[in-house]
**Student:** 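Would you mind keeping the following structure in view while I ask a few things?
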Amino acid sequence: MASRENFGSKLGVTLAAAGSAVGLGNIWRFPIETGQNGGAAYIIVYIACIIILGIPIMISEFAIGRRSRRNTAGAYEALAPGTQWKWIGRLGVFTGFIIFCYYTVVAGWTLEYSALAIGNAFEGKTAEDYKTIFSEFAGHPIKPLVWMAVMFLLTHIIIVKGVTSGIEKYSKLMMPVLFIIVIILVYCSVTLPKASEGLDFLLKPDFSKITGNTILNAMGQAFFSLSLGLGCLCTYASYFAKDTNLTKTALNVCGIDTFIAVMAGFIIFPAVFNAGYQLQPSDVGPSLIFITLPSIFQESFSQMPIVGYIFAVMFYLLLVVAALTSTISIHEVVNAYIQEEWHLTRSQAAWVVTGICMFLGFFSCWSFGWLSDFKIFGMTVFDLFDFCASNIFLPVGGMLISIFTGWRLDKKMLKAELSNEGSLKVPLFGVYTFILKFIAPLAIGLVLLNQLGLFKLL
Ligand code: PHE
(Lines give C-alpha, C1' and ligand atoms only; values in the text may rest on other atoms or scores of the structure.)
Protein backbone atom coordinates (compact mmCIF):
# COMPACT_ATOMS: atom_id res chain seq x y z
CA MET A 1 0.00 0.00 0.00
CA ALA A 2 1.24 3.48 -0.87
CA SER A 3 2.40 5.49 2.13
CA ARG A 4 -0.38 7.69 3.43
CA GLU A 5 -0.26 11.34 4.18
CA ASN A 6 -1.57 12.71 7.46
CA PHE A 7 -3.21 15.99 8.32
CA GLY A 8 -0.55 18.22 9.84
CA SER A 9 -2.43 19.84 12.71
CA LYS A 10 -5.45 19.46 14.96
CA LEU A 11 -6.90 22.69 13.64
CA GLY A 12 -6.46 21.37 10.11
CA VAL A 13 -8.32 18.18 11.02
CA THR A 14 -11.27 20.06 12.50
CA LEU A 15 -11.48 22.63 9.72
CA ALA A 16 -11.24 20.02 6.94
CA ALA A 17 -13.97 17.87 8.48
CA ALA A 18 -16.09 20.93 9.25
CA GLY A 19 -15.49 22.09 5.68
CA SER A 20 -16.96 18.85 4.42
CA ALA A 21 -19.97 19.20 6.67
CA VAL A 22 -20.68 22.88 6.12
CA GLY A 23 -22.02 23.20 2.61
CA LEU A 24 -25.00 23.99 0.48
CA GLY A 25 -26.99 21.78 2.84
CA ASN A 26 -26.49 24.28 5.66
CA ILE A 27 -27.17 27.41 3.72
CA TRP A 28 -30.06 26.49 1.47
CA ARG A 29 -31.50 23.25 2.73
CA PHE A 30 -31.52 23.93 6.45
CA PRO A 31 -33.25 27.35 6.37
CA ILE A 32 -35.94 26.15 4.01
CA GLU A 33 -36.58 23.05 6.09
CA THR A 34 -36.79 25.28 9.14
CA GLY A 35 -39.19 27.56 7.30
CA GLN A 36 -41.47 24.77 6.28
CA ASN A 37 -41.40 22.81 9.52
CA GLY A 38 -42.32 25.53 11.98
CA GLY A 39 -39.12 27.42 12.83
CA ALA A 40 -37.69 27.11 16.34
CA ALA A 41 -39.41 23.82 17.13
CA TYR A 42 -37.78 22.23 14.08
CA ILE A 43 -34.38 23.54 15.15
CA ILE A 44 -34.77 21.87 18.55
CA VAL A 45 -35.70 18.54 16.94
CA TYR A 46 -32.79 18.91 14.51
CA ILE A 47 -30.32 19.50 17.33
CA ALA A 48 -31.69 16.45 19.15
CA CYS A 49 -31.04 14.37 15.99
CA ILE A 50 -27.49 15.69 15.82
CA ILE A 51 -26.84 14.76 19.44
CA ILE A 52 -28.54 11.36 19.45
CA LEU A 53 -27.58 10.11 15.97
CA GLY A 54 -25.12 12.46 14.32
CA ILE A 55 -22.42 12.49 16.96
CA PRO A 56 -22.30 8.68 17.56
CA ILE A 57 -22.24 7.88 13.83
CA MET A 58 -19.61 10.50 13.16
CA ILE A 59 -17.44 9.06 15.93
CA SER A 60 -17.89 5.61 14.36
CA GLU A 61 -16.81 6.83 10.92
CA PHE A 62 -13.76 8.44 12.52
CA ALA A 63 -12.87 5.27 14.40
CA ILE A 64 -13.25 3.03 11.35
CA GLY A 65 -11.18 5.36 9.17
CA ARG A 66 -8.34 5.97 11.55
CA ARG A 67 -8.09 2.37 12.72
CA SER A 68 -7.82 1.02 9.19
CA ARG A 69 -5.97 3.92 7.55
CA ARG A 70 -7.53 2.97 4.24
CA ASN A 71 -10.08 4.34 1.80
CA THR A 72 -13.63 3.69 2.92
CA ALA A 73 -14.06 0.39 1.02
CA GLY A 74 -10.61 -0.84 2.05
CA ALA A 75 -11.41 0.12 5.65
CA TYR A 76 -14.15 -2.49 6.04
CA GLU A 77 -12.00 -5.08 4.30
CA ALA A 78 -9.20 -4.32 6.78
CA LEU A 79 -11.47 -4.49 9.84
CA ALA A 80 -13.59 -7.46 8.74
CA PRO A 81 -11.42 -9.29 6.21
CA GLY A 82 -13.02 -11.71 3.81
CA THR A 83 -16.58 -10.62 4.68
CA GLN A 84 -19.27 -8.77 2.79
CA TRP A 85 -19.00 -5.68 5.05
CA LYS A 86 -16.81 -4.08 2.42
CA TRP A 87 -20.02 -3.35 0.53
CA ILE A 88 -20.76 -0.58 3.04
CA GLY A 89 -17.63 1.15 1.83
CA ARG A 90 -18.32 0.42 -1.82
CA LEU A 91 -21.83 1.78 -1.47
CA GLY A 92 -20.27 4.89 0.10
CA VAL A 93 -17.91 5.37 -2.81
CA PHE A 94 -20.79 4.97 -5.24
CA THR A 95 -22.90 7.45 -3.25
CA GLY A 96 -20.04 9.96 -3.26
CA PHE A 97 -19.77 9.53 -6.99
CA ILE A 98 -23.49 10.20 -7.49
CA ILE A 99 -23.54 13.20 -5.15
CA PHE A 100 -20.55 14.69 -6.93
CA CYS A 101 -22.43 14.50 -10.26
CA TYR A 102 -25.26 16.79 -9.12
CA TYR A 103 -23.94 18.78 -6.16
CA THR A 104 -21.39 20.39 -8.48
CA VAL A 105 -24.18 21.61 -10.76
CA VAL A 106 -25.60 23.75 -7.94
CA ALA A 107 -22.08 24.67 -6.89
CA GLY A 108 -21.57 25.97 -10.44
CA TRP A 109 -24.73 28.09 -10.17
CA THR A 110 -23.27 29.77 -7.08
CA LEU A 111 -20.36 30.91 -9.25
CA GLU A 112 -22.70 32.38 -11.87
CA TYR A 113 -24.70 34.16 -9.14
CA SER A 114 -21.52 35.51 -7.55
CA ALA A 115 -20.58 36.91 -10.95
CA LEU A 116 -24.08 38.37 -11.38
CA ALA A 117 -23.97 39.89 -7.89
CA ILE A 118 -20.52 41.38 -8.50
CA GLY A 119 -21.73 42.84 -11.82
CA ASN A 120 -24.72 44.37 -9.94
CA ALA A 121 -27.09 42.49 -12.24
CA PHE A 122 -29.84 42.34 -9.60
CA GLU A 123 -30.39 46.07 -9.44
CA GLY A 124 -33.85 47.37 -10.33
CA LYS A 125 -35.27 43.96 -11.24
CA THR A 126 -38.76 42.70 -10.41
CA ALA A 127 -39.59 39.36 -8.82
CA GLU A 128 -40.62 38.10 -12.29
CA ASP A 129 -37.21 39.10 -13.70
CA TYR A 130 -35.42 36.90 -11.17
CA LYS A 131 -37.42 33.91 -12.32
CA THR A 132 -36.49 34.60 -15.93
CA ILE A 133 -32.81 35.18 -15.08
CA PHE A 134 -32.67 31.84 -13.29
CA SER A 135 -34.57 29.75 -15.80
CA GLU A 136 -32.70 31.23 -18.75
CA PHE A 137 -29.38 30.57 -17.08
CA ALA A 138 -30.10 27.08 -15.74
CA GLY A 139 -31.73 26.07 -19.03
CA HIS A 140 -28.87 27.39 -21.16
CA PRO A 141 -27.08 24.56 -22.98
CA ILE A 142 -23.52 25.80 -22.29
CA LYS A 143 -23.30 28.43 -19.53
CA PRO A 144 -24.09 26.27 -16.49
CA LEU A 145 -21.81 23.59 -17.92
CA VAL A 146 -18.92 26.00 -17.96
CA TRP A 147 -19.42 27.06 -14.34
CA MET A 148 -19.84 23.45 -13.28
CA ALA A 149 -16.60 22.57 -15.07
CA VAL A 150 -14.85 25.42 -13.25
CA MET A 151 -16.06 23.99 -9.93
CA PHE A 152 -14.88 20.50 -10.94
CA LEU A 153 -11.46 21.85 -11.88
CA LEU A 154 -11.03 23.90 -8.70
CA THR A 155 -11.88 20.78 -6.71
CA HIS A 156 -9.55 18.70 -8.87
CA ILE A 157 -6.60 21.05 -8.39
CA ILE A 158 -6.96 21.00 -4.60
CA ILE A 159 -7.29 17.21 -4.54
CA VAL A 160 -4.21 16.65 -6.69
CA LYS A 161 -2.16 18.78 -4.29
CA GLY A 162 -2.77 16.12 -1.65
CA VAL A 163 -3.98 15.94 1.92
CA THR A 164 -1.71 18.46 3.66
CA SER A 165 -0.98 20.95 0.90
CA GLY A 166 -4.37 20.56 -0.74
CA ILE A 167 -7.32 19.67 1.48
CA GLU A 168 -5.87 20.90 4.77
CA LYS A 169 -4.27 24.07 3.46
CA TYR A 170 -7.37 25.22 1.56
CA SER A 171 -9.75 24.30 4.39
CA LYS A 172 -7.64 26.41 6.74
CA LEU A 173 -7.87 29.25 4.29
CA MET A 174 -11.52 28.98 3.32
CA MET A 175 -13.22 28.14 6.61
CA PRO A 176 -12.16 31.35 8.42
CA VAL A 177 -13.33 33.35 5.39
CA LEU A 178 -16.65 31.52 5.62
CA PHE A 179 -17.00 32.31 9.35
CA ILE A 180 -16.25 35.98 8.77
CA ILE A 181 -18.78 36.26 5.93
CA VAL A 182 -21.43 34.52 8.03
CA ILE A 183 -20.93 36.88 10.99
CA ILE A 184 -21.10 39.99 8.78
CA LEU A 185 -24.24 38.77 7.02
CA VAL A 186 -25.95 37.87 10.28
CA TYR A 187 -25.19 41.36 11.58
CA CYS A 188 -26.60 43.04 8.46
CA SER A 189 -29.71 40.89 8.51
CA VAL A 190 -30.64 41.10 12.20
CA THR A 191 -30.27 44.88 12.18
CA LEU A 192 -32.90 45.31 9.44
CA PRO A 193 -35.89 47.40 10.66
CA LYS A 194 -38.40 44.54 10.82
CA ALA A 195 -35.95 41.78 11.63
CA SER A 196 -37.60 40.94 14.95
CA GLU A 197 -40.40 38.90 13.37
CA GLY A 198 -37.80 36.71 11.74
CA LEU A 199 -35.98 36.36 15.05
CA ASP A 200 -39.17 35.38 16.85
CA PHE A 201 -39.74 32.74 14.23
CA LEU A 202 -36.29 31.29 14.91
CA LEU A 203 -36.30 31.62 18.67
CA LYS A 204 -39.84 31.01 19.92
CA PRO A 205 -40.70 27.34 19.49
CA ASP A 206 -44.25 26.39 18.70
CA PHE A 207 -44.26 22.73 19.66
CA SER A 208 -47.68 22.13 18.18
CA LYS A 209 -45.93 22.30 14.80
CA ILE A 210 -43.93 19.13 15.46
CA THR A 211 -45.26 16.10 13.61
CA GLY A 212 -43.78 12.75 12.67
CA ASN A 213 -42.65 14.29 9.42
CA THR A 214 -40.79 17.08 11.20
CA ILE A 215 -38.74 14.49 13.02
CA LEU A 216 -38.05 12.49 9.88
CA ASN A 217 -37.08 15.56 7.87
CA ALA A 218 -34.78 16.71 10.63
CA MET A 219 -33.06 13.34 10.72
CA GLY A 220 -32.51 13.24 6.96
CA GLN A 221 -31.21 16.78 7.02
CA ALA A 222 -28.81 15.95 9.87
CA PHE A 223 -27.24 13.17 7.81
CA PHE A 224 -26.81 15.21 4.68
CA SER A 225 -25.53 18.21 6.56
CA LEU A 226 -22.97 16.27 8.59
CA SER A 227 -21.75 14.41 5.45
CA LEU A 228 -22.57 11.12 7.18
CA GLY A 229 -23.28 7.75 5.66
CA LEU A 230 -20.93 7.64 2.68
CA GLY A 231 -17.54 7.34 4.32
CA CYS A 232 -16.49 10.90 3.64
CA LEU A 233 -15.46 11.44 7.24
CA CYS A 234 -14.13 7.89 7.40
CA THR A 235 -11.79 8.74 4.53
CA TYR A 236 -10.70 11.98 6.18
CA ALA A 237 -10.13 10.14 9.46
CA SER A 238 -7.76 7.76 7.72
CA TYR A 239 -5.46 10.80 7.52
CA PHE A 240 -5.87 11.75 11.21
CA ALA A 241 -2.82 11.52 13.44
CA LYS A 242 -2.65 8.92 16.22
CA ASP A 243 -3.16 11.53 18.93
CA THR A 244 -6.23 13.18 17.37
CA ASN A 245 -9.06 13.06 19.90
CA LEU A 246 -11.87 11.51 17.85
CA THR A 247 -14.73 12.27 20.23
CA LYS A 248 -13.67 15.88 20.66
CA THR A 249 -13.22 16.35 16.92
CA ALA A 250 -16.71 14.94 16.27
CA LEU A 251 -18.19 17.27 18.89
CA ASN A 252 -16.41 20.25 17.33
CA VAL A 253 -17.48 19.38 13.79
CA CYS A 254 -21.10 18.81 14.80
CA GLY A 255 -21.02 22.05 16.79
CA ILE A 256 -19.61 24.10 13.90
CA ASP A 257 -21.98 22.59 11.36
CA THR A 258 -25.04 23.25 13.51
CA PHE A 259 -23.88 26.75 14.36
CA ILE A 260 -23.46 27.65 10.68
CA ALA A 261 -26.84 26.14 9.77
CA VAL A 262 -28.60 28.11 12.51
CA MET A 263 -26.69 31.26 11.50
CA ALA A 264 -27.86 30.76 7.91
CA GLY A 265 -31.36 30.94 9.39
CA PHE A 266 -30.40 34.22 11.08
CA ILE A 267 -29.23 35.54 7.71
CA ILE A 268 -32.26 34.50 5.73
CA PHE A 269 -35.34 34.84 7.98
CA PRO A 270 -34.91 38.39 9.28
CA ALA A 271 -34.50 39.46 5.63
CA VAL A 272 -37.46 37.38 4.46
CA PHE A 273 -39.77 38.68 7.24
CA ASN A 274 -38.47 42.21 6.85
CA ALA A 275 -39.59 42.15 3.24
CA GLY A 276 -43.00 40.87 4.40
CA TYR A 277 -42.54 37.78 2.26
CA GLN A 278 -44.42 34.55 2.98
CA LEU A 279 -42.39 31.44 2.21
CA GLN A 280 -44.14 29.36 -0.41
CA PRO A 281 -44.00 25.57 -0.69
CA SER A 282 -42.31 26.16 -4.05
CA ASP A 283 -39.44 27.95 -2.32
CA VAL A 284 -37.50 24.74 -1.99
CA GLY A 285 -33.91 24.24 -2.98
CA PRO A 286 -32.71 26.28 -5.90
CA SER A 287 -35.67 28.62 -6.10
CA LEU A 288 -35.25 30.05 -2.58
CA ILE A 289 -31.59 30.84 -3.06
CA PHE A 290 -31.56 31.86 -6.70
CA ILE A 291 -35.00 33.41 -7.26
CA THR A 292 -36.55 34.53 -3.95
CA LEU A 293 -33.48 35.78 -2.12
CA PRO A 294 -32.10 38.14 -4.78
CA SER A 295 -35.43 39.89 -4.76
CA ILE A 296 -35.56 39.99 -0.96
CA PHE A 297 -32.02 41.36 -0.71
CA GLN A 298 -32.98 44.02 -3.21
CA GLU A 299 -36.07 45.01 -1.29
CA SER A 300 -34.51 44.86 2.17
CA PHE A 301 -31.72 47.20 1.31
CA SER A 302 -33.58 49.47 -1.10
CA GLN A 303 -32.72 52.44 1.15
CA MET A 304 -29.04 51.53 1.10
CA PRO A 305 -28.33 49.91 -2.26
CA ILE A 306 -24.62 49.69 -1.58
CA VAL A 307 -25.24 47.53 1.52
CA GLY A 308 -27.61 45.40 -0.54
CA TYR A 309 -24.92 45.04 -3.19
CA ILE A 310 -22.26 43.98 -0.70
CA PHE A 311 -24.74 41.67 1.05
CA ALA A 312 -25.59 39.84 -2.19
CA VAL A 313 -21.95 39.52 -3.27
CA MET A 314 -20.93 38.15 0.12
CA PHE A 315 -23.88 35.79 0.28
CA TYR A 316 -23.10 34.12 -3.04
CA LEU A 317 -19.37 33.99 -2.30
CA LEU A 318 -20.29 32.31 0.98
CA LEU A 319 -22.13 29.65 -1.01
CA VAL A 320 -19.14 29.16 -3.31
CA VAL A 321 -16.74 28.65 -0.39
CA ALA A 322 -19.15 26.36 1.46
CA ALA A 323 -19.72 24.29 -1.68
CA LEU A 324 -16.04 23.98 -2.54
CA THR A 325 -14.95 22.69 0.87
CA SER A 326 -17.68 20.04 0.51
CA THR A 327 -16.92 19.06 -3.10
CA ILE A 328 -13.30 18.37 -2.20
CA SER A 329 -14.41 15.96 0.50
CA ILE A 330 -16.78 14.19 -1.87
CA HIS A 331 -14.07 13.92 -4.51
CA GLU A 332 -11.65 12.54 -1.92
CA VAL A 333 -13.93 9.61 -0.96
CA VAL A 334 -13.95 8.36 -4.54
CA ASN A 335 -10.38 9.41 -5.24
CA ALA A 336 -8.87 7.57 -2.27
CA TYR A 337 -10.74 4.43 -3.31
CA ILE A 338 -9.62 4.54 -6.94
CA GLN A 339 -6.07 5.46 -6.04
CA GLU A 340 -5.60 2.67 -3.52
CA GLU A 341 -7.73 -0.09 -4.97
CA TRP A 342 -6.76 0.44 -8.60
CA HIS A 343 -3.14 1.25 -7.73
CA LEU A 344 -3.00 4.57 -9.53
CA THR A 345 -1.18 7.77 -8.64
CA ARG A 346 -3.18 10.48 -6.88
CA SER A 347 -3.28 12.58 -10.00
CA GLN A 348 -4.33 9.69 -12.27
CA ALA A 349 -7.10 8.74 -9.87
CA ALA A 350 -8.22 12.36 -9.65
CA TRP A 351 -8.51 12.56 -13.45
CA VAL A 352 -10.61 9.41 -13.56
CA VAL A 353 -13.01 10.85 -10.95
CA THR A 354 -13.14 14.35 -12.41
CA GLY A 355 -13.50 13.06 -15.97
CA ILE A 356 -16.33 10.60 -15.36
CA CYS A 357 -18.24 12.81 -12.91
CA MET A 358 -17.96 15.82 -15.19
CA PHE A 359 -19.36 13.81 -18.07
CA LEU A 360 -22.32 12.62 -15.98
CA GLY A 361 -22.59 16.08 -14.48
CA PHE A 362 -23.39 17.46 -17.95
CA PHE A 363 -26.55 15.37 -17.96
CA SER A 364 -27.65 16.56 -14.54
CA CYS A 365 -26.95 20.12 -15.69
CA TRP A 366 -29.05 19.66 -18.83
CA SER A 367 -31.93 18.41 -16.65
CA PHE A 368 -32.86 22.08 -16.36
CA GLY A 369 -32.69 22.61 -20.12
CA TRP A 370 -33.13 20.43 -23.17
CA LEU A 371 -33.19 17.23 -21.10
CA SER A 372 -35.94 18.48 -18.78
CA ASP A 373 -38.46 16.13 -20.36
CA PHE A 374 -36.20 13.12 -20.16
CA LYS A 375 -37.40 11.25 -17.07
CA ILE A 376 -36.43 8.03 -15.37
CA PHE A 377 -38.99 6.85 -12.78
CA GLY A 378 -40.64 10.21 -13.34
CA MET A 379 -37.52 12.15 -12.34
CA THR A 380 -34.99 14.16 -14.32
CA VAL A 381 -31.37 12.98 -14.17
CA PHE A 382 -30.62 15.65 -11.54
CA ASP A 383 -33.60 14.71 -9.37
CA LEU A 384 -32.87 11.02 -9.72
CA PHE A 385 -29.27 11.48 -8.52
CA ASP A 386 -30.46 13.64 -5.63
CA PHE A 387 -33.28 11.31 -4.66
CA CYS A 388 -31.18 8.14 -4.76
CA ALA A 389 -28.25 9.66 -2.90
CA SER A 390 -29.94 11.63 -0.13
CA ASN A 391 -33.13 9.64 0.35
CA ILE A 392 -31.80 6.12 -0.08
CA PHE A 393 -28.04 5.64 -0.14
CA LEU A 394 -27.07 8.01 2.69
CA PRO A 395 -29.57 6.64 5.21
CA VAL A 396 -28.78 3.04 4.20
CA GLY A 397 -25.07 3.81 4.56
CA GLY A 398 -25.62 5.42 7.97
CA MET A 399 -27.69 2.51 9.17
CA LEU A 400 -25.11 -0.05 8.03
CA ILE A 401 -22.27 1.93 9.62
CA SER A 402 -24.06 1.92 12.97
CA ILE A 403 -24.84 -1.79 12.66
CA PHE A 404 -21.24 -2.54 11.77
CA THR A 405 -19.86 -0.53 14.68
CA GLY A 406 -22.52 -1.67 17.14
CA TRP A 407 -22.63 -5.36 16.34
CA ARG A 408 -19.52 -6.40 14.44
CA LEU A 409 -16.60 -4.26 15.55
CA ASP A 410 -14.68 -5.60 18.53
CA LYS A 411 -15.62 -3.36 21.48
CA LYS A 412 -12.14 -3.53 23.02
CA MET A 413 -10.65 -2.34 19.78
CA LEU A 414 -13.26 0.38 19.45
CA LYS A 415 -12.53 1.60 22.96
CA ALA A 416 -8.79 1.50 22.29
CA GLU A 417 -9.33 3.61 19.19
CA LEU A 418 -11.52 6.18 20.92
CA SER A 419 -9.21 6.42 23.92
CA ASN A 420 -6.06 6.66 21.76
CA GLU A 421 -4.84 3.36 23.20
CA GLY A 422 -5.88 4.16 26.75
CA SER A 423 -4.50 7.68 27.03
CA LEU A 424 -7.91 9.39 26.99
CA LYS A 425 -11.09 8.77 28.97
CA VAL A 426 -14.10 7.60 26.95
CA PRO A 427 -17.16 8.90 28.78
CA LEU A 428 -20.56 7.35 28.03
CA PHE A 429 -19.08 4.47 26.03
CA GLY A 430 -22.02 2.25 27.02
CA VAL A 431 -24.57 4.83 25.87
CA TYR A 432 -22.67 5.25 22.62
CA THR A 433 -22.67 1.55 21.79
CA PHE A 434 -26.31 1.19 22.83
CA ILE A 435 -27.30 3.92 20.39
CA LEU A 436 -25.32 2.27 17.59
CA LYS A 437 -26.74 -1.15 18.28
CA PHE A 438 -30.40 -0.29 18.67
CA ILE A 439 -31.49 3.30 18.40
CA ALA A 440 -29.69 4.43 15.25
CA PRO A 441 -30.57 1.43 13.03
CA LEU A 442 -34.20 1.61 14.13
CA ALA A 443 -34.55 5.36 13.76
CA ILE A 444 -32.85 5.42 10.36
CA GLY A 445 -34.86 2.43 9.21
CA LEU A 446 -38.02 4.42 9.93
CA VAL A 447 -36.77 7.48 8.02
CA LEU A 448 -35.94 5.28 5.11
CA LEU A 449 -39.26 3.49 4.97
CA ASN A 450 -41.04 6.79 5.33
CA GLN A 451 -39.09 8.38 2.53
CA LEU A 452 -39.80 5.49 0.25
CA GLY A 453 -43.46 5.85 1.12
CA LEU A 454 -43.58 2.29 2.47
CA PHE A 455 -44.51 3.38 5.97
CA LYS A 456 -46.00 6.53 7.40
CA LEU A 457 -44.93 7.63 10.85
CA LEU A 458 -47.79 9.47 12.60
N1 PHE B 1 -22.53 18.13 4.11
C2 PHE B 1 -22.58 18.78 2.85
C3 PHE B 1 -23.55 19.94 2.91
O4 PHE B 1 -24.12 20.24 3.92
C5 PHE B 1 -22.95 17.88 1.73
C6 PHE B 1 -22.21 16.60 1.68
C7 PHE B 1 -22.88 15.42 1.73
C8 PHE B 1 -20.82 16.61 1.61
C9 PHE B 1 -22.20 14.23 1.75
C10 PHE B 1 -20.13 15.44 1.62
C11 PHE B 1 -20.82 14.25 1.69
O12 PHE B 1 -23.77 20.59 1.95
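Counting convention: from 1, in listed order, for ligands and their atoms alike.
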**Student:** Check this for me: does any side-chain nitrogen of one of Arg90 and Glu77 sit under 4.0 Å from a carboxylate oxygen of the other?
**Tutor:**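 No, Arg90 and Glu77 are not salt-bridged.
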**Student:** Which residue holds the protein heavy atom closest to atom 8 (C) of ligand 1, what is that atom called, and what is the gap in Å?
**Tutor:**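 Here the nearest protein heavy atom works out to Ser227 OG, 3.3 Å.
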**Student:** Can you tell me the protein heavy atom closest to atom 7 (C) of ligand 1 and the distance?
**Tutor:**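 Going atom by atom, the protein heavy atom closest to atom 7 (C) of ligand 1 ends up being Phe224 O, 3.6 Å.
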**Student:** Just which atoms of ligand 1 are under 4.0 Å from any heavy atom in Asn26?
**Tutor:**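 It comes down to these atoms of ligand 1: 4 (O).
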**Student:** Could you go step by step and tell me if Phe385 and Tyr103 meet the side-chain contact (heavy atoms from CB on, under 4.5 Å) rule?
**Tutor:** CA-CA 9 Å; Phe385 283 167; Tyr103 194 87; over 6 Å; no
**Student:** Using a 3.5 Å distance criterion without hydrogens, assess whether the side chain of Arg69 forms a donor-acceptor pair with backbone atoms of Phe240.
**Tutor:**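 Looks like yes, one N/O pair under 3.5 Å.
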**Student:** Heavy-atom distances under 4.0 Å decide this one: backbone, side chain, both or neither, for Leu394 against ligand 1?
**Tutor:**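 For Leu394, no heavy atom sits under 4.0 Å from ligand 1.
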**Student:** Testing Tyr337, Tyr239, Tyr236 one by one against Glu332 for a side-chain hydrogen bond (donor to acceptor under 3.5 Å, both in side chains), which residue passes?
**Tutor:**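 So the option named by the test is Tyr239.
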**Student:** Which of the atoms in ligand 1, numbered in the order shown and given with their element, are less than 4.0 Å from a heavy-atom of Ser225?
**Tutor:**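 Selected atoms, number and element: 1 (N), 4 (O).
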**Student:** Using a 4.0 Å heavy-atom cut-off, say whether Ala21 meets ligand 1 through its side chain, its backbone, both or neither.
**Tutor:**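 Only the backbone of Ala21 comes within reach of ligand 1.
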**Student:** Could you tell me whether the side chain of Thr345 reaches within less than 4.5 Å of the side chain of Trp351, counting heavy atoms only?
**Tutor:**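 Contact flag for Trp351/Thr345 side chains = no.
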**Student:** Return a yes/no value for Leu226: is any of its N or O atoms, backbone included, closer than 3.5 angstrom to an N or O of ligand 1?
**Tutor:**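 No, Leu226 has no N/O under 3.5 Å of an N/O on ligand 1.
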**Student:** Please work out whether any backbone atom (N, CA, C, O) or any side-chain heavy atom from C-beta onward of Ser329 is under 4.0 Å from ligand 1, and answer side chain, backbone, both or neither.
**Tutor:**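 Near ligand 1, Ser329 shows its side chain, while the N, CA, C and O stay back.
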**Student:** Do Ser367 side-chain atoms and Phe382 backbone N/O form a donor-acceptor pair below 3.5 Å?
**Tutor:**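 Yes, the answer is positive, given that a donor and an acceptor are paired below the 3.5 Å cut-off.
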**Student:** Can you tell me which residue and heavy atom of the protein come closest to atom 11 (C) of ligand 1, and the distance to 0.1 Å?
**Tutor:**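 The protein heavy atom lying closest is Leu230 CD2, 3.4 Å.
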**Student:** Around atom 12 (O) of ligand 1, find the nearest protein heavy atom and jot down its residue, atom name and distance.
**Tutor:**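 Nearest protein contact, heavy atoms only, for atom 12 (O) of ligand 1 is Tyr103 OH, 2.6 Å.
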**Student:** Closer than 4.0 angstrom, basic N to acidic O: yes or no for Lys161 and Glu168?
**Tutor:**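 No, no charged N to carboxylate O under 4.0 Å.
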**Student:** Classify the ring geometry between Phe359 and Phe363 as parallel (under 30°), tilted (30 to 60°) or perpendicular (over 60°).
**Tutor:**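 The rings of Phe359 and Phe363 stand perpendicular, inter-plane angle above 60°.
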**Student:** Of Gly229, Gly25, Ser20, which has the heavy atom at the shortest distance from atom 2 (C) of ligand 1?
**Tutor:**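 Answer by nearest heavy atom: Ser20.
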